Structure formats: C-alpha cells, structure tokens
Amino acid sequence: QHPDLSANLWINPGESGNGRETNGVDDDGNGYIDDVHGINALVPLGQRGNGDPSETEGEGHGTAVAGIIGAVGNNGLGVAGVSWKASLMPLKFRSSADTGTVADAIECMNYALAKGAKVVNASYGFSEFSQAEFEVIQRLRDAGVIVVASAGNSNLDTALFPVYPACHLIENV
C-alpha cells in the first residue's frame, strides 16, 4: 500500500486477480494462500494461509530498505530508489519484536529461488553459523542469484564477530 513501492511490487503469476485481489485460495499450490506479492514466514507452519508480508505498526525496516532499492522516482512523492522499475518481492521473517529464525530466513530464500528472483536482499544478521543457510545460499549461487547481505550495525570486526549471511564465504554474497 506504500505509494512509492506499490507500483513496483512483484506479482505472483500463479495467484488470482493478477496481483490486484485475493481469493482465499492457494491458486499456485505452493502452500501459501494469496501469496500475490510475497510471503510471511512468521505464520506457523500449520497455518500457512498468510501470503501477506506487510509490515505492522512498529516495524519499518523492510519498507525503508525496499524504498532505497526500488521506490518509484520522479512522482513527487517520498523518496526515489536506486532502481525506479525494480520488481520487489517482499518476504517477511522478522517482526518488530525481533522474532524470526534462520529457518524462517531460509524459507524466504527458498521461496525467492522458486519464484525466480535474481537478487536477494538479506538485510539481517545472525551471530551463529548455519549450515542450512550456507546451503540455500549455495543453491541461490548455482541459480545465478546475488545475495546482498548486511554486515551488521555494531561497529565490530566481522572477522572476530561474524554476522551471517554476510560472513558466508560464497561468491554470490
């Protein structure tokens, strides 16, 4: 619903309404109901009926980053992104309370891979190495997908205090 982002939201061609409406059905059979623009991996596995990655009050990181990447420009509103015609696929796995796990991040990366993303913005960080995250990033690499990762905001040497996925030593990160 963001005026600088809505025109650049990716539309899942397998879902109903051509990206304009929802119907409460998993049209593309991928386990997500109405994943018209992306997914919300915070919804428990047994309730994957939430294809809505919208941020709620108190959040805003994803919207801010999406704006830097792909806010529409030259429209007299808000900001202009680096790429005015980017296709933005919002994939939510963290909340304002900082809930969300590496498994949730992996779910989002797998979704991006399955839906043909070319670049994954991973503006998050975990201090623990995850072999499963490493492997999904390798699969992204093998598919030609670039992973842009946050190196942390703590002003620490990542050689001593690693932040993942930024510190995964894979060519596409």
Side-chain angles (χ1 to χ4, degrees), residues 5 8-10 12-15 26 28-33 35-56 59-70 81-83 86-173:
L5 302 177
N8 286 348
L9 287 177
W10 167 80
N12 180 353
E15 286 296 327
D26 178 13
D28 61 1
N30 66 354
Y32 298 96
I33 295 171
D35 55 318
V36 175
H37 298 297
I39 62 168
N40 181 347
L42 289 173
V43 178
L45 278 174
Q47 303 167 20
R48 283 293 188 226
N50 188 347
D52 183 5
S54 298
E55 292 188 291
T56 57
E59 297 178 81
H61 179 77
T63 300
V65 172
I68 292 166
I69 295 168
V82 173
S83 177
S87 179
L88 303 168
M89 179 191 299
L91 305 170
K92 181 177 181 172
F93 80 94
R94 284 196 123 150
S95 71
S96 60
D98 213 20
T99 60
T101 66
V102 173
D104 297 328
I106 291 167
E107 181 177 348
C108 289
M109 287 189 219
N110 280 325
Y111 184 93
L113 181 61
K115 296 298 184 180
K118 301 295 180 209
V119 178
V120 169
N121 175 66
S123 59
Y124 69 89
F126 289 108
S127 60
E128 299 292 322
F129 173 84
S130 164
Q131 184 65 36
E133 183 182 54
F134 184 86
E135 290 171 4
V136 74
I137 293 173
Q138 284 181 315
R139 288 193 303 278
L140 288 164
R141 177 204 58 204
D142 294 347
V145 179
I146 299 294
V147 177
V148 179
S150 167
N153 296 322
S154 55
N155 199 26
L156 296 173
D157 183 344
T158 57
L160 299 173
F161 304 96
V163 177
Y164 297 96
C167 290
H168 285 303
L169 298 178
I170 308 173
E171 300 84 1
N172 61 324
V173 176

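These numbers were taken from a predicted model, which means no experiment stands behind them.
- Each side chain to side chain donor-acceptor pair (under 3.5 Å) pair with one or both residues in residues 154-163, not counting sequence neighbours, would appear here, but there are none.
- Using a distance-only test at 3.5 Å, with no hydrogens or angles considered, no donor-acceptor pair links the side chain of Asp104 to the main chain of Leu42.
- With hydrogens and angles ignored, the 3.5 Å screen pairs a side-chain donor or acceptor of Asp26 with a backbone N or O of Gly29.
- In this structure, Arg139 fails the cation-pi test against Phe134, since its NZ or CZ atom is not both closer than 6.0 Å to the six-membered ring centre and inside 45 degrees of the ring normal.
- Residues satisfying the ring pair (Phe, Tyr, Trp, His ring centres under 6.0 Å) test with Tyr164, not counting sequence neighbours, are Phe129, His168.
- Closest approach of Ile170 and Ile137 over heavy atoms only: CD1-CG2, 3.5 Å.
- Scanning both residues, Tyr111 and Ile39, for their nearest heavy atoms gives CE1-CG2, 3.3 Å.
- Asp28 contributes no side-chain N or O that, together with a main-chain N or O of Glu15, makes up a donor-acceptor pair within less than 3.5 Å.
- The nearest pair of heavy atoms linking Pro165 to Val173 is O-CG1, 3.7 Å.
- Taking the side chain as every heavy atom from C-beta outward, Asn8 and Ser87 never approach each other to under 4.5 Å.
- In the model, Tyr32 has no side-chain atom that pairs as donor or acceptor with a side-chain atom of Asn40 under 3.5 Å.
- Of all heavy-atom pairs between Ala166 and Ser150, the closest is CB-O, 3.1 Å.
- Under a cut-off of 6.0 angstrom, the local environment of CG in Leu160 is crowded, with over 12 non-hydrogen atoms contributed by other residues, nucleotides or ligands.
- More than 12 heavy atoms of other residues, nucleotides or ligands sit less than 6.0 Å from atom CD of Gln131.
- In this structure, the side chains of Met109 and Leu140 come closer than 4.5 Å at one or more pairs of heavy atoms.
- Between Leu91 and Ala112, the shortest heavy-atom contact is CD1-CB, 3.8 Å.
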